[in-house]
A.B. asks: 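Below you'll find the structure I mean.
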2 protein chains.
Amino acid sequence: MMLDERKIRILAAIIDDYIATAEPIGSRTIARKYHIGISPATIRNEMADLEELGYLSQPHTSAGRVPSHKGYRFYVDFLLPSKKLDDFEQATIRQIFRRRINEFEELVKEAARVISKLTSYTTIIMGPQMETMFLKHIQVTRIEEFKGLLLMVTNYGTISHHIIDIPQNFSDSDLIRISNILNTNLTGKTFSDITNDMMDEIKNEIIEYDKTLNILMEILLENLADAQDNSQVISTGSSKMLEYPEFQDVEKAKNFFSLLEQHDLIMKALRSSSKPNTITVTIGNENPCIELQDLSIVTANVSIDEKDLGIFGIMGPTRMKYSRVISILEQVTDYLVKTVSTKL
Amino acid sequence: MMLDERKIRILAAIIDDYIATAEPIGSRTIARKYHIGISPATIRNEMADLEELGYLSQPHTSAGRVPSHKGYRFYVDFLLPSKKLDDFEQATIRQIFRRRINEFEELVKEAARVISKLTSYTTIIMGPQMETMFLKHIQVTRIEEFKGLLLMVTNYGTISHHIIDIPQNFSDSDLIRISNILNTNLTGKTFSDITNDMMDEIKNEIIEYDKTLNILMEILLENLADAQDNSQVISTGSSKMLEYPEFQDVEKAKNFFSLLEQHDLIMKALRSSSKPNTITVTIGNENPCIELQDLSIVTANVSIDEKDLGIFGIMGPTRMKYSRVISILEQVTDYLVKTVSTKL
DNA sequence: TTTAGCACTCTCGGTCTTAGAGTGCTAAAA
DNA sequence: TTTTAGCACTCTAAGACCGAGAGTGCTAAA
């Protein structure tokens, strides 16, 4: 059975209402609040149909109806009211990009904070995949008599620095020479390209700088390990979730927070659900990972000319203000892409 | 009335038990579990005295006793069992400092994580006060044809970097000259010393580099503002709090999490309660800030030769495993001080 | 001074009950 | 044929009630 016009209106009303109130909705409520022009009894019949078709479910026999995941899916695919952001929201978002933030990471973090603030859901940001990240610049510079800084800049504009010891007999021009050698050998290489073998080759090339180079190599390699470990998942606004009735049960809240700490799970979930340059909605059990099955995730994959910059994910109860979240996410990623392509 | 030997033993038993169980303790339980050699009736009398003296209180008439803040204070001041860390704990702590972490900030963050893991309380770290922080090194370096990096290193070893644009006509030696000028003029200055006036002076000194310098100045000033805003308060392990019966009420949990987000409050609390090179315990209502009054905070102020490196704070319910927390904190700060003085 | 005994108090966890919301079905109305 | 009014039925949430259990304070005896 296809959904006719009237069924769709009723479904939309139920989902809208449930998203707003988190309470099961009965036929009478719909008749009263949404003016569909038919009696509760008729609505009841329609609701029974919708339930049979799998779009609704009942917590218990004598309760109202609640949207099922299939219901949400239909809603998201066909019924999303296009939500215009109001002036305040627009302004709040624009503000992030007005500020002179030159570093990509900071910009993204700030964007995540603002998204959480506007949506009241948890925002997760995840850096680009290691495989597509390569070194753009590597340099050793002296900051004190026997202390130096190893600087690495990737194609995504992320910068990492490590303090290193510089042996006594090294002059500034030695450092410059080492920098040059590292640069010519390593720029353009992805982190996974840089293996011990490659290091050994370079070492051979400049056998005279042996000792320092060894240290640099070690540090560099360690840093790689760090970058891979540091499962770059950052979340903000998690405490907001405690506001929702879905998390009133402390057990549920605890599960949510411990989930957030399992970065590998989160990474897998975001990666698997997001597609390049689109906003994707994953509802409850559509997520392969069971821990996430009573949450929804809206992901936006930010990329510029095939260059994957990272993923924003917004996590909330399945009863999520989808249209609002999507609008905000669209707006933010738009600005972000614009800013990055012009400024950075 | 002074506390005699027997009262003290009873008080200690009650507090130990309450810290372990979070349940009010009755006279019979004490007689059974702790072998003081007197009957419940006698214990009852003593407990009534202790209550009258303000060391205990009763949730309701027919419940057992619960320690009051005054009771905890007495316990912390006079009764703390000196707790030896076991091998596992020792090893876990040592491990942080074995790893080659060259940067102070990373080291401290890692230490905080370990403290949270071992204690199951929330650990807060707070950077040194801005007033005591000064520039040790400042430098502009090129990372791409028209992109440079402004590097600033402070006396605490913290490093901040900002990507800047480099105008076309600037050669590498220009950058070195600018770096030198900035260095001679700004190193040793605290962030608050560096005013616009000072910037103007430097600008005058090298009028020919005018334009770039202007940008650098702006960026530098902005960075200062950031550093001051970014109320450097970082907390870890907050989700652990949901395990405790004190936070089973979602309302309480929400309060706690929103408290954690009020960095200014936290900063004030940590600053006011911590003393140089000591571990301080602040119990419940001893804290001037009402939001913190049913929590306890143990703070450790880490400093080396008057140089204030920052504060660790451990927050938990007033029913906190004080001796354990103190031992762990002692151990960690010890190692930290040692590591910093030798390595960094 | 300590302790046994006892009446008393308060909470916590069940059971019971009722009001309310909502349903599905049937039969009448449109 | 479709819609709707009416009604019996179901289920939950909230309140009332009750008894067990833990703990107290007091009194009087050891």
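Here is the naming used below: chain letters follow the sequence lines, and residue numbers restart at 1 for every chain. Note that the structure is a prediction, hence the values are computed from the model and not measured.
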A.B. asks: For the pair made of CD1 in I38(B) and P in dT1(C), what is the distance, rounded to whole Å?
C.D. replies: 14 Å
A.B. asks: Indicate the ring-plane relationship of Y121(B) and Y244(B), choosing parallel, tilted or perpendicular according to the 30° and 60° boundaries.
C.D. replies: parallel
A.B. asks: From the set dT2(C), dG25(D), dT23(C), return the single nucleotide nearest to any side-chain atom of R65(B).
C.D. replies: dG25(D)
A.B. asks: How many Å lie between CD on E46(A) and C1' on dT3(D), as a whole number?
C.D. replies: 11 Å
A.B. asks: Both R6(A) and A48(B) contact DNA chain D. Taking the nearest nucleotide for each, which residue is further toward the 5' end?
C.D. replies: R6(A)
A.B. asks: Under 30°, 30 to 60°, or over 60°: which ring-plane class applies to Y72(A) and Y18(A), parallel, tilted or perpendicular?
C.D. replies: tilted
A.B. asks: At under 4.0 Å, does any side-chain N or O of S27(B) touch on OP1 or OP2 of dT24(D)?
C.D. replies: yes
A.B. asks: Quick check with a 6.0 Å cut-off and a 45 degree axis cone: is K252(A) positioned over the face of F247(A)'s six-membered ring?
C.D. replies: no
A.B. asks: How many Å lie between CD1 on I14(B) and C1' on dT24(D), as a whole number?
C.D. replies: 13 Å
A.B. asks: Atom CG of L56(B) and atom C1' of dG25(D): how far apart are they, to the nearest Å?
C.D. replies: 16 Å
A.B. asks: So what's dC26(D) paired with, Watson-Crick or G-U wobble, going by both distances under 3.5 Å?
C.D. replies: dG5(C)
A.B. asks: How many Å lie between CZ on R28(B) and P on dA4(C), as a whole number?
C.D. replies: 12 Å
A.B. asks: Nearest-Å distance, CD (E23(B)) to P (dC12(C))?
C.D. replies: 10 Å
A.B. asks: Can you tell me if S39(B) touches the phosphate of dT3(C), counting only side-chain N or O atoms and a distance under 4.0 Å to OP1 or OP2?
C.D. replies: yes
A.B. asks: Roughly how many Å is it from CE in M47(B) to C1' in dG25(D), rounded to a whole number?
C.D. replies: 12 Å
A.B. asks: Starting from the 5' end of DNA chain C, give me the residue, S62(A) or R44(B), whose nearest nucleotide shows up first.
C.D. replies: R44(B)
A.B. asks: Does the side chain of S239(B) come under 3.5 Å of the side chain of E261(A) through a donor N or O and an acceptor N or O?
C.D. replies: yes
A.B. asks: Which residue, T61(A) or P24(B), contacts DNA chain D at a nucleotide closer to its 5' end, judged by nearest heavy atom?
C.D. replies: T61(A)
A.B. asks: Separation of I30(B) atom CD1 from dG23(D) atom P, in whole Å?
C.D. replies: 10 Å
A.B. asks: Nearest nucleotide by nearest heavy atom, which residue falls closer to the 5' end of DNA chain C, N45(A) or A41(B)?
C.D. replies: A41(B)
A.B. asks: Please report the shortest heavy-atom distance between G316(A) and M241(A), naming the atom on each side.
C.D. replies: CA-CE, 3.5 Å
